[in-house]
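Counting begins at 1 with the first residue of the sequence. Every number for a ligand or one of its atoms is a count from 1 in the order of the listing.
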Amino acid sequence: MLAAVTRSPGEMAIEDVSGPGRARAGYVIVRPEAVGICGSDFHLFSGDVGALSGARDFYPRIQGHEVAAVVEDAGDARGLREGDRVAIWPLLPCGHCYPCRTGRPNVCIRFRLVGVHLDGGLAERLEVPAGLVFAVGDLDPDCASFVEPASVAVHALARGRLTAGEQVVVFGAGPIGLATLVAAVDQGARVLSVDPLASRRELAKRLGAEVVTWVPEPELTDQVHDWTKSEGPPLVIETSGEAAVLPQAAELVAAAGRVVVVGMSSGTAPVRPGAFPEKEIDVIGSSCATADDFRAAIKLIAANRAAVTALFSHHFPLARAPEAFEFAMSRPPDAIKIVVTVN
Ligand SMILES: [Zn+2]
Ligand SMILES: [Zn+2]
């Protein structure tokens with residue numbers, strides 16, 4: 001079968017490799033159709049594996065963790081049939097560590113990820129543990145590939161305890177920020193979206209943001225306080241990965257409010273810890289998603305297909321996957337979600 005193989009840092013090649021045979025007990029064989037490229041793919045691709053836990057041998061690896069596929073061999077899996085369109089929850093938790101024991105497998109300290117520690121979707125066929133395979137009904141392949149990033153947004157809002165009618169400030173209007181916007185609007189929230197790129201702000205507006213903005217402080221605080229009648233928003237979600245947003249969010253958020261940090265940043269920024277007790281705010285981290293979030297994301301996308309479809313800016317066939325990675329890593333301003341079309 002054809003696969004895009006990351007041979008070593010920075011080196012991806014299209015190769016003819018031996019694919020999986022019949023499904024072994026506990027596994028399902030699928031034919032990937034669409035695979036979203038995500039910022040986290042670049043770490044493994046460029047050899048920056050220090051942040052990833054659990055495996056020594058990353059290369060060669062078939063990447064791709066935002067996978068839409070069709071079931072080819074359901075093996076002994078219950079509830080799945082040949083021909084079903086599915087999305088893959090890419091996370092394999094250990095089941096024993098403290099987060100696993102307390103129902104939070106998404107932050108398992110020994111987790112393994114499809115497309116990182118196990119081969120992923122950039123291949124004509126893929127063997128996956130049956131428990132990671134979720135039927136998505138009649139979602140199209142692009143929409144099904146977006147279930148994974150959408151589940152990250154669903155999890156962030158669950159962590160932030162969003163309730164209907166609340167005003168939410170979302171920093172960042174990339175794929176995760178926009179998915180957070182769509183999920184928040186779907187839950188009856190009102191959203192103000194902050195992003196430096198005009199094209200992303202326009203898209204945020206089209207997807208239901210009440211206000212979109214990009215102004216420096218102190219204007220941003222003034223604008224947000226006007227919008228919230230001086231109280232500040234009860235919920236702020238940071239998806240931009242900019243370290244400076246956390247101190248800003250801690251000042252912006254309403255007293256008794258919540259700040260959820262989803263964006264990964266390696267930078268630092270000085271925070272005024274006094275804001276935490278002064279306003280008794282909750283500052284909450286959010287990582288990946290649970291299986292329940294994944295199920296909720298399937299429903300979210302099914303109910304918001306047009307909005308989600310607006311996020312797919314570029315498509316590349318599998319044979320051009322290396323070029324798709326190069327293109328995505330150059331961070332073109334008009335790109336939102338770049339998808340590799342496989343079968
Ligand atoms: Zn991703
Ligand atoms: Zn664990």
>> Does Arg305 have more than 12 heavy atoms from other residues, nucleotides or ligands lying within 6.0 Å of its CZ?
In response: yes
Donor-acceptor under 3.5 Å (Glu219 side chain, Gln223 main chain): no
Can you confirm whether more than 12 heavy atoms, excluding those of Lys279, are under 6.0 Å from its NZ atom?
yes
* Asked: With the threshold set at 4.0 Å, does a side-chain nitrogen-carboxylate oxygen contact exist between Arg125 and Asp73?
  -> no
Return yes when atom CZ of Arg272 has more than 12 non-hydrogen atoms of other residues, nucleotides or ligands closer than 6.0 Å, and no otherwise.
yes
Under 2.8 Å from the Zn ion (ligand 1), the protein N, O or S atoms found are Cys38 SG, His65 NE2, Glu66 OE2
Original post:
Should the pair Phe134 and Phe294 be assigned to parallel (<30°), tilted (30 to 60°) or perpendicular (>60°) ring geometry?
Top reply: tilted
For residues Asp142 and Ser145, is any side-chain donor paired with an opposing acceptor at under 3.5 Å?
no
*Does any donor atom in the side chain of Glu231 or Thr228 lie under 3.5 Å from an acceptor atom in the other side chain?*
no
Taken by chain and residue number, the protein N/O/S atoms under 2.8 Å from the Zn ion (ligand 2) read Cys94 SG, Cys97 SG, Cys100 SG, Cys108 SG
Within 45° cone of Tyr27 ring axis and under 6.0 Å: Arg24 NZ or CZ = yes
